[in-house]
Amino acid sequence: MPFLEVKSVAKGFGPSWSRSEVLHDIDLSIEEGEFVAIIGYSGAGKTTLMSLLAGLTEPDSGEVLFDGKKMSGPGPDRGIVFQNYSLLPWLTVHENVALAVDQVFPGWTPDARRAHVEKYIATVNLTPASKKLPSELSGGMRQRVSVARTLAMTPRVLLLDEPLGALDALTRGTLQDELSRICQEEKKTVVLITNDPDEAIYLADRVIPLTAGPRATLGPSIPVTLPRPRDRRSFNEDYEFKQIRNEIVGYLLKARPRDTAGLLKKLVLPDIEPEDISGTRVRRPRGSGPIRRSEIADVTVETPTP
């Protein structure tokens, strides 16, 4: 039985008389301990799908099952990392992580909760910055805090909604390495949303493309059999990596919506001619407007001889 399952799900937004269906006929099956990446265009509905998996929103039709039971709402067993850090600016790194731990484990002793927080701050290599506020951290460090906070809740499923999308390339690569290491050590079930094929291949066990919207749906599952730990430096020379990448990109390109024919409208130019200032100017009554083509006539002007 799949650990996380989506069955024939559709989701739309707007009033009933003009509802726009974002996701259509979504079927997804994820095993426990599996790392799955879903890749698609911006605006295709990736975040909507992530909200469905987290229980933050309900499908219009179909159902989402977690551990064999129909999902009825959000819970600490499904931790989500958003693209926009979502840290409380007046709390330190330690306090931001502790806030989640205190909510999920209220029965633990203060010392146990403190040790748990410190463990996950160390996991993301932020121990020296544990007393700093978010405003004193770089973007990459803030995202590390967000990851530590979610991991400290010890969720059974880790949902990553484009967590590295706002970072520069060097920081993004470093955090990809950290995520890969942490997920392997924690043995978590992970669902990653991304629009970067290389990131998806580097991190995931399999990649599933999402077609362009509206009414986006999932394409075929593409397994990533590259051995772990993976070395990004060898990817450009790796034939299997190139094959997987070509398959992902090729499917996404074919799944793009075709350009639709637009309305061809005949442009009618106004019946106006520019004034010719090279010859004799014809005085027109004030307020009579510009010269029109229909008013133009050949005129012979005779000049008297001296």
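Atom set for the values below is all heavy atoms of this structure, side chains included, hydrogens, waters and symmetry mates excluded.
Between Leu210 atom CG and Tyr251 atom OH the span is 9.0 Å, to the nearest 0.5 Å. Atoms CG and OG1, on Leu159 and Thr150 in that order, are 9.5 Å from each other to the nearest 0.5 Å. For the atom pair Leu160 CG and Leu203 CG, the distance stands at 8.5 Å (nearest 0.5 Å). Of the inter-residue distances, the one linking Ile26 atom CD1 with Ser8 atom OG reads 10.0 Å to the nearest 0.5 angstrom. Taking OH of Tyr120 as the start and CD1 of Ile182 as the end, the distance is 10.0 Å to the nearest 0.5 Å. Atoms CG and CZ, on Leu158 and Arg78 in that order, are 13.0 Å from each other to the nearest 0.5 Å.
Between Asn96 and Pro134 the shortest heavy-atom distance is ND2-CG, 4.0 Å. Nearest heavy-atom pair across Val249 and Pro197 is CG2-CG, 4.1 Å.
Of the N and O atoms on the side chains of Asp168 and Thr171, at least one donor lies less than 3.5 Å from an acceptor on the other residue. No donor-acceptor contact under 3.5 angstrom links the side chains of Glu32 and Thr189, judged on distance only.
Proximity of a side-chain donor or acceptor of Glu34 to a complementary backbone N or O of Glu31 within less than 3.5 Å is detected.
Salt bridge absent: Asp198 and Arg232 never bring a charged side-chain N and a carboxylate O closer than 4.0 Å. Comment: Arg181 engages Glu185 in a salt bridge, judged by a side-chain N to carboxylate O separation of less than 4.0 angstrom. Asp67 has no carboxylate O lying under 4.0 Å from a charged side-chain N of Lys69, or vice versa, which leaves the two without a salt bridge. A salt bridge is defined here as a Lys NZ or Arg NE, NH1 or NH2 lying under 4.0 Å from an Asp or Glu carboxylate O, and Glu237 with Lys242 fails to meet this definition. The pair Asp25-Lys7 does not meet the salt-bridge criterion, since no charged nitrogen lies less than 4.0 angstrom from a carboxylate oxygen.
Side-chain atoms of Leu87 and Leu91, non-hydrogen and from C-beta on, never get closer than 4.5 Å to each other. Ile38 has its side chain out of reach of Leu192: every pair of non-hydrogen atoms, C-beta onward, lies at least 4.5 Å apart. Using a 4.5 Å heavy-atom threshold, the side chains of Asp205 and Pro223 count as separate. By the 4.5 Å heavy-atom criterion applied to side chains, Glu21 and Phe13 are not counted as neighbours.
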Just distance, no hydrogens or angles: give the donor-acceptor pairs under 3.5 Å from side chains in residues 50-59, sequence neighbours left out.
residue: Ser51; atom: OG; partner: Thr47; partner atom: O; Å: 3.1
residue: Thr57; atom: OG1; partner: Lys11; partner atom: NZ; Å: 3.4

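Aromatic ring centres of Phe241 and Tyr202 lie farther apart than the 6.0 Å criterion allows.
Among residue pairs with one or both ends in residues 122-135, those qualifying as side-chain hydrogen bond (donor to acceptor under 3.5 Å, both in side chains) are Asn125-Glu178; sequence neighbours excluded.
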